[in-house]
Amino acid sequence: MKILTEDFENKVKKILTKDKKILISGHYNPDGDSLGGSLGLYYLLENAGFDVFVMMPSDLPDFMKWLPGADKISIYKKRKNELINSADIIFFVDFNDVSRTENAAEALKNSEAVKIMLDHHPQPSDDAEFIFSDTKVSSASEIVYEFINMLGFSEYIDKNVATCLFTGIMTDTLNFSVNSSRPETFEIVSNLLSLGIDKDAVYEKVNNNFSLKRLKLIGYLLYKKMKAVSDYKFAYMLISKKELNEFDFRDGDHEGIVNMPLSVADINVSLIVIEQDDFVKLSLRSKGDYDVNLLARKYFNGGGHKNAAGGRIYKPYSEVEDYILSSVKAYFSEN
Ligand code: 5GP
Ligand code: MN
């Protein structure tokens, strides 16, 4: 569904002036889309002569640190709200609710800046007064591209902007395997390629840049930890803190892992549980009509997209497996 708040284009054009200080924020544990969309917008606005900064609520995963502009990102530190408080305009890129910024949420919410949300998740909250959101598009980076065109700023798209936006589209579509059936997505990619980006280098840096330990972790998880519940065509794995340390598990490593069980014909929903200090983090993926956004919203304090969602369980790690199995059972019997 496409959502544009009333008179979005005219109102945003009026507000966006060069005397304003602009902050762009991605979400907690930023992924390729949040980073690519934010940095693409950053370079665009900078090229167009605006006063602009980028902030992420937490650090970048290692495989994204090569992105153009990655070194210009401020990582939010609690009680250091100067950057947020000094902003006149704040862009929210790739999230539908300010709570997705975790530790930065309170300061962002309290800020008096005008907030503009550029996103593609279902059910955007009213945390921003201006919203441009569309669940049909591949990624928030694609929304950023459309937003740039809407502003009439396409002349400022250079190779940096193009590389960042391409990275967001490529990563959020899992290398064009999902959410990428609209011809418009490929028209945008075609335009970005015309600007001279190195597509193959982006692919290499994102996908073939991991440690040997991570590959061994994947082998261990698939062989020793994955369990399949054939009645529900559902597979899951639990990863303890001890295992995370042993294999040097990094932020962002979950992405390539949680998708793997879906390569099995008879698995439609995949879930991984990652033990954290005060809660356990969940990552869910699905095929076709299986809606893990609803599952995560109802049982796991989370949300996301139909085929990719996340959440949290505030229970001891030892109780999590039973809770997941009973939740999934209940969900499948309701739907
Ligand atoms: P991931 O499994 O990669 O952490 O997240 C997959 C998708 O679910 C992303 O689109 C992300 O925005 C969303 N997501 C992940 N964690 C949460 C969460 O705790 N709450 C909500 N609402 N969405 C989440
Ligand atoms: Mn996204």
Side-chain angles (χ1 to χ4, degrees), residues 25-41 56-58 60-61 63-64 91-103 105 117-125 127 132-147 164-176 178-180 185 206 236-237 239 249-262 269-274 276 278-286 290-314:
S25 174
H27 58 71
Y28 192 79
N29 281 340
D31 61 357
D33 187 29
S34 203
L35 289 163
S38 297
L39 288 171
L41 182 61
M56 293 290 149
S58 64
L60 289 65
F63 62 91
M64 283 293 154
F91 282 96
F92 294 160
V93 178
D94 195 35
F95 59 95
N96 58 356
D97 191 297
V98 86
S99 66
R100 294 279 298 120
T101 64
E102 301 281 340
N103 48 335
M117 182 185 285
L118 304 176
D119 186 38
H120 68 132
H121 291 86
Q123 294 158 277
S125 71
D127 291 328
F132 180 6
S133 168
D134 191 347
T135 53
K136 283 196 313 295
V137 307
S138 65
S139 54
S141 297
E142 193 174 324
I143 293 281
V144 170
Y145 184 89
E146 289 189 11
F147 179 66
C164 293
L165 297 184
F166 175 79
T167 302
I169 296 172
M170 188 195 83
T171 53
D172 246 30
T173 59
L174 303 178
N175 308 317
F176 303 98
V178 296
N179 300 328
S180 46
T185 303
V206 172
Y236 68 98
M237 349 176 185
I239 314 172
F249 188 89
R250 303 293 183 87
D251 283 345
D253 277 355
H254 69 284
E255 178 69 55
I257 300 173
V258 64
N259 282 299
M260 286 184 171
L262 297 180
V269 177
S270 168
L271 186 160
I272 59 173
V273 171
I274 303 167
Q276 314 276 302
D278 309 318
F279 57 90
V280 301
K281 182 179 147 39
L282 266 66
S283 247
L284 301 102
R285 299 291 185 273
S286 66
Y290 292 83
D291 192 333
V292 286
N293 170 41
L294 293 181
L295 177 63
R297 276 179 185 258
K298 179 146 189 196
Y299 294 101
F300 305 137
N301 304 301
H305 306 276
K306 185 167 87 176
N307 297 126
R312 291 175 172 199
I313 301 176
Y314 298 94

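Counting starts at 1 for both ligands and their atoms, in listed order. Since we're looking at a predicted model, the values are computed, not measured.
- Here R312 pairs with E102 under the salt bridge (Lys or Arg N to Asp or Glu O under 4.0 Å) rule; sequence neighbours left out.
- Distances shorter than 2.8 Å separate the Mn ion (ligand 2) from the protein N/O/S atoms D33 OD2, D94 OD1, H120 NE2, D172 OD2.
- From the protein, the heavy atom lying nearest to atom 7 (C) of ligand 1 is A308 O, 3.5 Å.
- Side-chain atoms of H121 and D94, non-hydrogen and from C-beta on, do get closer than 4.5 Å to each other.
- Between the side chain of N293 and the main chain of G304, a donor-acceptor pair closer than 3.5 Å is present.
- For the atom pair CG (N179) and CG (N307), the distance works out to 6.5 Å, reported to the nearest 0.5 Å.
- Within the model, atoms OH of Y28 and OG of S99 stand 13.0 Å from one another, a figure rounded to the nearest 0.5 Å.
- Proximity to E255 (heavy-atom distance under 4.0 Å) selects the following atoms of ligand 1: 3 (O).
- Proximity of R285 to ligand 1, defined as any heavy-atom pair under 4.0 Å, is confined to the side chain (atoms from C-beta onward).
- Per-residue contacts place H254 under 4.0 angstrom from the following atoms of ligand 1 (heavy atoms of the residue considered): 1 (P), 2 (O), 3 (O), 4 (O).
- Within ligand 1, the atoms closer than 4.0 Å to a non-hydrogen atom of K281 are 4 (O), numbered from 1 in the order shown.
- No side-chain N or O of D33 forms a donor-acceptor pair with one of T171 less than 3.5 Å apart.
- Under 4.0 angstrom from ligand 1, there are no non-hydrogen atoms of R312.
- Side-chain atoms of S141 and M170, non-hydrogen and from C-beta on, never get closer than 4.5 Å to each other.
- The residues K136 and E142 are annotated as not salt-bridged, no charged nitrogen and carboxylate oxygen being separated by less than 4.0 angstrom.
- Nearest to atom 19 (O) of ligand 1 among the protein's heavy atoms is G311 CA, 3.8 Å.
- At the top of the distance list for atom 11 (C) of ligand 1, counting protein heavy atoms only, stands R100 NH2, 3.2 Å.
- No option in L282, V280, V273 other than L282 meets the side chain to side chain contact (heavy atoms under 4.5 Å, CB included) test with F300.
- Within ligand 1, counting atoms from 1 as listed, the ones closer than 4.0 Å to a heavy atom of H305 are 10 (O).
- Listed by number with element, the atoms of ligand 1 under 4.0 angstrom from any heavy atom of G304 are 8 (O), 13 (C), 23 (N).
- The protein heavy-atom contact nearest to atom 15 (C) of ligand 1 is G310 CA, 3.4 Å.
- To the nearest 0.5 Å, atom CG of residue L271 and atom CG of residue L295 are 7.5 Å apart.
- Counting only distance, with no hydrogens or angles, the side chain of S34 and the backbone of V93 share a donor-acceptor pair below 3.5 Å.
- Residues D172 and H120 bring a donor and an acceptor atom of their side chains to less than 3.5 Å of each other.
- At distances below 3.5 Å, not a single donor-acceptor pair connects side-chain atoms of D127 with backbone N or O atoms of D97.
- The shortest contact between atom 9 (C) of ligand 1 and any protein heavy atom is with H121 NE2, 4.1 Å.
- The shortest contact between atom 2 (O) of ligand 1 and any protein heavy atom is with S283 OG, 2.3 Å.
- The closest non-hydrogen atom to atom 14 (N) of ligand 1, taken over G303, G302, P122, comes from G303.
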